[in-house]
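Every value quoted in this text rests on a predicted model; they were computed, and no experiment measured them. Residue numbers start at 1 and run along the sequence shown.
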Amino acid sequence: MDKDVKEILDSLTREIKEIRNEKEKLKNNYEDEIYKLNRIFNSLPASVYWKDLDGVYRGQNKFSRDKMRSVGLEQEMIGKTDHDLFPKEAADEYRKNDLEVIKIEREFSKEEVVILPNGETIVQVSSKKPLYDKDGSVCGIIGNTVDITELKEIESELKEAKNKAEIADIIKTDFIHNMEHDIRTPLSGLWGVTHLLEKKETDKSKKELLRQAAEAAKELLDYCNDILNFSKIKSGKLPVFEKKFDLKKMVEHIAKLEQPSADTKKIKLQIDYAKKMPEIIIGDEFRLSKILLNLVGNAIKFTQKGSVKISVKQGKAFNNRHFILILTVKDTGIGIPAEKQDLIYEKFVRGTPSNKGLFNGAGLGLNIIKQFISELDADIDVTSKEESGTVFTCSIPVKLPLLNE
């Protein structure tokens, strides 16, 4: 054989061998990918299946087969239609959904209640999409069905629990509202009579006992007022109501109410009403008075010596009538620890434990203030340091009346 021909044949043989090896590699890779895809497909935790245009099942994953067997469908699905497998009503619905998907060529999802051959009722969500052939024509549908029966049962239990909680809350609210007069009236009378007797009594020992009784009655009345007001506020029965009122007179009235408490502790209670601050404004007088009353009351409660100062001034103006009212209450009291400053507005949260008996209160005042501030579209800020006092600053949008009369 000619040497050149032999070399050509040897070269061709090598190339054929390399092609065969490459082909074998591609075949192995292809089989490996198919194996992986099958494993993934059969490991999906949902029923996946596909049908042709006539509604005949052409394939399904392992989860789907196992699910069918678990509900009493032992027969093979492949080659069958829904009418061969399910009750007529359910099969008609499935076929209707399939035809809709084929017609619109879009995904279709629906929650279905199904009665299985074993009599069990389940709830499932079925999602179906068009299945296309290599030419891009619709050749059937592919579906994915998830059994959500357990989730629906949990949802139903949660709804029932929510309904029970709402009913209980309504009963509680109605009880508090019905009891409001019966609780407040006798306590108010007890405090008033005891306080009056204490003023008239000349015997020092009896006077002291009456003073203690009056303080206890007043403390209990304040607790009841806090809780009853809190319930009314949380029930949403106090709409924001803006009207014209005398702000300066309101501030002076609150200071007058709190003056006896300040005098008892020998604390100086001051008012700094800015000269340029209007006296008559339009706003929610009830909420403004409750905000200031709670802040001043707290300031006096947590101040053992020094002073409590109420400052009122005009902040940013938006136009000729609308502006920001700046209310500040500053004290020289015990202050608020840094780690508790984010919690002070939570309901029933107190600065000191109730069992230590250092300071009274239900822990509702600042929570109510925070709600009122939110309802007025206002802001409240606090700066404080332990043993160095606290400053609460409220920025509240208000407006000027057209006439001051």
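For the pair N97 and S126, the minimum side-chain heavy-atom distance is 4.5 Å or more. No side-chain heavy atom of N298 sits less than 4.5 Å from a side-chain heavy atom of V329. Two residues are said to be in side-chain contact when any heavy atoms from C-beta on lie closer than 4.5 Å; V382 and V391 fail this criterion. With a 4.5 Å cut-off on side-chain heavy atoms, K129 and W50 do not count as touching. Contact check for Y132 versus V138: side-chain heavy atoms found under the 4.5 Å cut-off. Taking 4.5 Å as the limit, every side-chain heavy atom of L131 sits out of range of all side-chain heavy atoms of K51. Annotation: side chain of L376 is in contact with side chain of I291 (closest heavy-atom distance under 4.5 Å). Residues N61 and Y49 have side chains not in contact (no heavy-atom distance under 4.5 Å, counting atoms from C-beta outward).
Atom CD in E153 sits 11.0 Å away from atom CD1 in I148 (nearest 0.5 Å). Going from atom NZ of K207 over to atom CG of L197 covers 10.5 Å, rounded to the nearest 0.5 Å. To the nearest 0.5 Å, the span separating NZ on K305 from OG1 on T303 amounts to 11.5 Å. Atom CZ of R287 is separated from atom CD of E375 by 4.5 Å, given to the nearest 0.5 angstrom. To the nearest 0.5 Å, the span separating CG on D379 from CG on D381 amounts to 6.5 Å. Considering CD1 of I396 and CG of D377, their distance stands at 11.0 Å, rounded to 0.5 Å.
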*Test D84 against T81 for side chain to side chain contact (heavy atoms under 4.5 Å, CB included), laying out the working first.*
CA-CA 5 Å; D84 298 323; T81 68; 3.3 Å; yes
_Between S127 and E107, does the side chain to side chain contact (heavy atoms under 4.5 Å, CB included) criterion hold? Intermediate values first, please._
CA-CA 7 Å; S127 297; E107 184 175 357; 3.7 Å; yes
*side chain to side chain contact (heavy atoms under 4.5 Å, CB included) between F245 and L288, worked out*: CA-CA 11 Å; F245 70 98; L288 284 172; 3.5 Å; yes
*Evaluate side chain to side chain contact (heavy atoms under 4.5 Å, CB included) for E201 paired with L209, printing each intermediate quantity in order.*
CA-CA 10 Å; E201 184 58 57; L209 290 173; over 6 Å; no
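Closest non-hydrogen pair, E258 versus V296, comes out as CG-CG1, 3.8 Å. A pairwise comparison of heavy atoms in F86 and A91 identifies O-CB, 4.2 Å as the closest pair. Smallest separation of non-hydrogen atoms from N320 and L400: O-CD1, 3.6 Å. Shortest non-hydrogen contact noted between D133 and C139 is N-SG, 3.7 Å. The minimum heavy-atom distance between D284 and F241, with the atom names listed, is OD2-N, 2.9 Å. In plain terms, the two heavy atoms of F108 and K110 that are nearest each other are CE2-CB, 3.7 Å.
Without hydrogens or angle criteria, D147 side chain to T149 main chain gives a donor-acceptor distance under 3.5 Å.
Within a 6.0 Å radius of CD in E105, more than 12 heavy atoms belonging to other residues, nucleotides or ligands are found. Within 6.0 Å of NE2 in H83 there are more than 12 heavy atoms belonging to other residues, nucleotides or ligands. Around CD of E166, the count of heavy atoms belonging to other residues, nucleotides or ligands within 6.0 Å exceeds 12.
In this structure, E387 has no side-chain hydrogen bond (donor to acceptor under 3.5 Å, both in side chains) partners at least two apart in sequence or on a different chain. Listed by chain and number, the residues in a side-chain hydrogen bond (donor to acceptor under 3.5 Å, both in side chains) with S261 amount to none (sequence neighbours excluded). The side-chain hydrogen bond (donor to acceptor under 3.5 Å, both in side chains) search around E157 returns none, not counting sequence neighbours.
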Taking only distance into account, with no hydrogens and no angle test, what donor-acceptor pairs under 3.5 Å do side-chain atoms of residues 268-283 form with protein atoms, sequence neighbours excluded?
| from | atom 1 | to | atom 2 | distance (Å) |
| --- | --- | --- | --- | --- |
| Y273 | OH | P278 | O | 2.7 |

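Between K164 and E160 there is a salt bridge, with a side-chain nitrogen of the basic residue lying less than 4.0 Å from a carboxylate oxygen of the acidic one. At a threshold of 4.0 Å, the pair D92-K88 counts as salt-bridged, since one of the basic side-chain nitrogens sits closer than that to a carboxylate oxygen. Salt bridge present: E155 and K152 bring a charged side-chain N and a carboxylate O closer than 4.0 Å. With salt bridges taken as basic N to acidic carboxylate O contacts below 4.0 Å, none links E100 and K103. Using a 4.0 Å cut-off between charged side-chain N and carboxylate O, D52 and R58 make a salt bridge.
Listed by first and then second residue, the side-chain hydrogen bond (donor to acceptor under 3.5 Å, both in side chains) pairs involving residues 389-400 are S384-T390 (not counting sequence neighbours). Counting only residues at least two apart or in different chains, salt bridge (Lys or Arg N to Asp or Glu O under 4.0 Å) contacts with residues 310-336 are absent.
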